[in-house]
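The structure appears right after this line, and notes come after that.
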Amino acid sequence: MKTKSNIERILESGGFVVTSECGPPRGADPEVIRKKGNLLKGVVDAVNVTDNQTSVVRMSSFSSCIILKEMGFDPILQMVCRDRNRIAIQSDILGAGALGINNILCLSGDHQKFGDHPKAKNVFDIDSIQLINTVKILRDDGKFLGGEEVKGKPVLFIGAAENPFADPFEIRAARLGKKVKAGCEFIQTQCIYNMEKFTKWMEMVRDRGLHERCAILAGVTPFKSVGMAKYMKNSVPGMDVPDGMIERMKGVAKEKQSEEGIKICVETIQKLREIPGVRGIHIMAIEWEEKVAEIAQSAGLLPRPQV
Amino acid sequence: MRLNYPTNVKIVKVPCTGRVDILLILHAFESGVDGVYLAGCLEGECHFLRGNLRAKKRVQYAKKLLDEVGLGGARLEMYNMSSAQGQRFAEVAREMTEKIKALGPSPVKNRVRGVQDSRGQVK
Amino acid sequence: MIVANRKSLEEILNMLKPYKKVLLLGCNECVTVCAAGGEREVGVLASELKLSRAKDGQEIEIKEQTLERQCDHEYIDQVRPFVGDYEVILSIACGAGIQYVGEKYRTKIVLPGVNTTFLGVTLEQGVWSERCQGCGECVLHMTGGVCPIARCAKSLLNGPCGGSSNGKCEVDKDLDCGWQLIIDRLKELNQLDRYEEIIPVKDWTTSRDGGPRKRLREDLRL
């Protein structure tokens, strides 16, 4: 074991990991985080905290992680390259190490065009693959990017996201390979609706042996309604929702749609567990955290191993 | 045919409406005209293949400039007719004259001092 | 070439409000090719300004002049004999030219009539597209001749991100994904194996991040 990460511990023991996420509020009220945290107690092994997702200003991932840590969670600090240069990034990683944050998820970050401050200047000093490598160099070599020695290495379990449905599809496994080579130890995927394409992607991943060097946690998001399914299909970049799934949501009465969404999600998880190389599930119930426990229960993911 | 058309229409002959550039149109307004229209060949029948189509695009662009300037793009139009359509020519001349009369005189009439050409010479 | 875009007439009129005698300077280089600040655009802008002022019953005198280049002082010197006759200079050269004119006539106010936008190419008549950001350390030999700094919305050196869809960028459905272009070209060149290499963090000192840049060639200096 390299770190004190709960997910690393479970993976090392051959267990199946369950993670979820918590989106920080658009304000300074810590109670919002605590409330969301309470819904996930005993349901997940670690909680992602998003970093100004969709480029909308929110409470920082770092401080929200600390609030969850105080509640006994093992938070995953999401970090995007959009808003920080290598100086700020390394500084935050040292801070995370100092405050006992055990996991980091390295991302490029959505373009600011989609957010509430589209006129902002973006940074992108380094990219997500270089960020992965930065964490690894700090942790394993005890060196800053500038070459100087780190006094007191930050010990974080290194993760990244990957979208199996983005284009060009043929290089998606190769890109994951680059992430693994850079030092990535776990991957959380984009929400999976297109099982056929995901299965194909996993084949490519296994062909390269990447599933043995990096734990793949498959991402799922339940639909609340047919409207949400359509929105995900048409308006969220890099999302692949097959028409059949929209038809299935349409096929049930409006008041039964959220139930159907949960049902689809549970079925998806059951199918994903059968795919060789899938080491866990990442449940992203967007502003619907109260359903994570129900989904995990129905999918047979509970109880979680004791920390 | 001895057709009549309003005497206020002054004709500037060009080999093709493709010759008419934006500056030519703007200079006409600087010299005090109330409106300008281009009479090009029918679309698809340009002797130079695309001259009238290019003129059409330039007219659209110049209309925007006239809007920005405050004269209004409506003072500029593009018409297409063949050389055999004398009736149509007279009809368009009357139509455009009516339209410009309704808009009233150009607000810049006789106000632009020293109309210059692109070499800076006062005409 | 350097590509620029004419400012709106309204913005230019606002800048010119206090002035009656204007020296309007175009440039015969890049801004002529991209139809933003050459002799023709000088003529059109002058005409627009005169029409607009006349409509409001206000006077304006405009001297139209297009220099061979505004980024070389020999050409800027050509207006010295009469620059004093005008209250203000309105330049529609690129940002370099506008500044250099101001450096040469230090007591004259030089106003920008264009927004300088990018280093690019002519895709077809009337369409220009960005290609280079002048980062000072070219990586085109590694990326199939397509620049990830200029052509990826996030300047990712190891793209594409998860927002690449059907060859388009997440930022705009009409914008090509720079990394899709890189991968397509690597394939055409039989160099797709290059994609497996991680491009390390970039040294931005050669870019604007290192401060304003200067280039010197001793052998050419007089």
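Each chain gets a letter, A, B and so on, in the order the sequences are listed, and its residues count up from 1.
Residues A:R175 and C:P160 approach most closely at NE-O, 2.7 Å, considering heavy atoms. A pairwise comparison of heavy atoms in A:Q130 and C:N158 identifies NE2-ND2, 3.6 Å as the closest pair. Considering every non-hydrogen atom in both C:W204 and A:R86, the closest pair reads CD1-NH2, 3.4 Å. Between A:N122 and C:A153, the shortest heavy-atom distance links the atoms ND2-O, 4.0 Å. Nearest heavy-atom pair, C:V171 versus A:H111, reported as atom, atom and distance to 0.1 Å: CG2-CG, 3.4 Å. Minimum heavy-atom separation, C:K173 to A:N234: NZ-O, 4.4 Å.
Heavy atoms from other residues, nucleotides or ligands lying under 6.0 Å from NZ of C:K168 number more than 12. Within 6.0 Å of CZ on C:R69 lie more than 12 heavy atoms contributed by other residues, nucleotides or ligands. Heavy atoms from other residues, nucleotides or ligands lying under 6.0 Å from CD of A:E196 number 12 at most. Counted within 6.0 Å of CD1 on A:I87, heavy atoms from surrounding residues, nucleotides or ligands total 12 or fewer; the atom is thus considered open.
Using a 4.5 Å cut-off between heavy atoms, A:R82 does not touch chain C at all. Contact of A:N163 with chain C is made through the side chain alone, with heavy-atom distances under 4.5 Å. Neither the backbone nor the side chain of A:D240 comes within contact range of chain C; no heavy atoms are under 4.5 Å apart. Proximity to chain C involves both the backbone and the side chain of A:K178, based on heavy atoms less than 4.5 angstrom apart. Proximity to chain C is limited to the side chain of A:F114, based on heavy atoms less than 4.5 angstrom apart. For a residue to count as touching a neighbouring chain, one of its non-hydrogen atoms must lie under 4.5 Å from one of that chain's; by this rule C:I183 touches chain A with the side chain only. The part of A:E170 that comes within reach of chain C is its side chain, from C-beta onward, which places non-hydrogen atoms under 4.5 angstrom from that chain.
Atom CD of residue C:E170 and atom CG of residue A:D110 lie 5.5 Å apart, to the nearest 0.5 angstrom. For the atom pair CG (C:L156) and SG (A:C81), the distance works out to 8.0 Å, reported to the nearest 0.5 Å.
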Derivation and outcome, salt bridge (charged side-chain N to carboxylate O under 4.0 Å, His left out), residues A:R208 and C:E196: CA-CA 12 Å; A:R208 286 175 173 254; C:E196 306 280 339; 2.7 Å; yes
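Screening A:I126, A:I129, A:D127 for a side-chain contact (heavy atoms from CB on, under 4.5 Å) involving C:L157 leaves a single residue, A:D127.
No side-chain donor-acceptor contact under 3.5 Å links C:K154 to the backbone of A:V123. Checking side-chain atoms of C:S164 against main-chain N and O of A:A166 turns up no donor-acceptor pair under 3.5 Å.
Heavy-atom pairs under 4.5 Å with chain A peak, among C:S155, C:C169, C:G167, C:S165, at C:S165.
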